[in-house]
Chemist: 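Once you've had a glance at the structure underneath, I'll fire off some questions.
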Amino acid sequence: MSSQPAAASSGSVQASSGSVAGSATGSVVSGSGTGSSTLSIPQTAAAGGIFMTQPPQTANPSFYKIAPSNIITFAWNYTSLYVTPTSITVTAFCAANGYNYPVGGANGDGVYPGTVTSITWDPYAYQNSPGAQALAQETYTLRIQDERGANAVGTPGMMNAYSALKFALYKPGQATPLDQWSCPDCNSATNLALHPGFISIVVTFTVMILSGYGLLRRGLASAH
């Protein structure tokens, strides 16, 4: 399911200057207007990719709270890239409801310049923007793709669509008013003290102590 545009959210982006190099066979023609340039890419070149630096790609899935001012930062490095994307689209896919949520972007559509390597996202602001799809308390997959779409994979020197990072969103629990709060442990302790079995154990233990004390006194008296 495709994502639905929402109101633009606040945030920031960081871009890299990028680099283009290449030789041997294969070429890419780029440019606009009356001018164009041809870039040669080796046929043996690896497909370009993304390596996440924040949150770390090797870490366990991160949990983020949907709350005011709780900003999420995603940052990455491009690898084996000969051609810098014209643009990229960043989304958060939730398998539980099949929805692809746009992650920030100037127009709230998740679209950024291809040189961007760091973005911020405010899930709370997104969820409260007009017409936004409600965020589920579930696990999400971060998706990053260039202008060629999600099926752009395996092209030497050009960016593979990315979908390796997983994270989770949750909402904080509601506070309970003091006059409605109860102590489950306290109630459990009270119930235990009133339980017939507990009372029987206490009585038996008390009788044993008193009987032992009586025997000790008689033993001491006969010794004298």
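Computed from a prediction, not measured in an experiment: that's the story for all the values here.
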Chemist: Please name the pair of heavy atoms, one in Ala75 and one in Met52, separated by the smallest distance, quoted to 0.1 Å.
Modeler: O-CE, 3.3 Å

Chemist: To check you understand the geometry: which heavy-atom pair defines the closest contact between Ala161 and Ala150, and what is its length?
Modeler: CB-O, 3.4 Å

Chemist: Quick one: CE on Met158 to OG on Ser80, what's the gap to the nearest 0.5 Å?
Modeler: 14.0 Å

Chemist: Compare every heavy atom of Pro123 with every heavy atom of Leu169, then report the nearest pair and how far apart it is.
Modeler: CD2-CG, 4.4 Å

Chemist: If you round to the nearest 0.5 Å, how far is OG1 of Thr84 from CE of Met159?
Modeler: 11.0 Å

Chemist: May I ask whether Tyr78 and Leu142 are part of the same hydrophobic cluster, defined by side-chain heavy atoms of I, L, V, M, F, W, Y residues being less than 4.5 angstrom apart, directly or through others?
Modeler: yes

Chemist: With heavy-atom distances below 4.5 Å as the criterion, would you say the side chains of Thr73 and Ser118 are in contact?
Modeler: yes

Chemist: At what distance, to the nearest 0.5 angstrom, does OH of Tyr124 lie from CD1 of Ile72?
Modeler: 14.5 Å

Chemist: How close do Asn160 and Val153 get, counting heavy atoms only, and between which atoms?
Modeler: OD1-CA, 2.9 Å

Chemist: Do side-chain atoms of Glu147 reach the backbone of Ser87 as a donor and acceptor pair under 3.5 angstrom?
Modeler: yes

Chemist: Are Tyr170 and Lys65 packed together at the side-chain level, in the sense that at least one heavy-atom pair is separated by less than 4.5 angstrom?
Modeler: yes

Chemist: Out of curiosity, Cys94 SG to Leu135 CG, how far, rounded to the nearest 0.5 Å?
Modeler: 8.5 Å

Chemist: Kindly state each residue pair satisfying ring-ring contact (aromatic ring centres under 6.0 Å, His included) with at least one member in residues 130-153, sequence neighbours excluded.
Modeler: Tyr101-Tyr140, Tyr140-Phe167

Chemist: May I ask you to test the Tyr126-Pro102 pair for a side-chain heavy-atom distance under 4.5 Å?
Modeler: yes

Chemist: Can you tell me if Thr89 uses its side chain to pair, donor with acceptor, with the backbone of Gly110 under 3.5 Å?
Modeler: no

Chemist: Do you know which two heavy atoms are closest between Tyr112 and Val116, and how far apart they sit?
Modeler: CB-CG2, 4.0 Å

Chemist: Can you get from Val111 to Ile88 by hopping between Ile, Leu, Val, Met, Phe, Trp and Tyr side chains that sit under 4.5 Å apart?
Modeler: no

Chemist: Measure the shortest side-chain to side-chain distance between Phe93 and Lys166 over non-hydrogen atoms and say whether it is less than 4.5 angstrom.
Modeler: no

Chemist: If you compare all heavy atoms of Ile50 against all heavy atoms of Thr79, which two are closest, and at what distance to 0.1 Å?
Modeler: N-OG1, 4.1 Å

Chemist: How long is the gap from CG on Asp146 to OG1 on Thr155, to the nearest 0.5 Å?
Modeler: 8.5 Å

Chemist: To the nearest 0.5 Å, how far apart are CD1 in Ile71 and OG1 in Thr120?
Modeler: 6.5 Å

Chemist: Is the shortest side-chain heavy-atom distance between Phe74 and Val90 below 4.5 Å?
Modeler: no

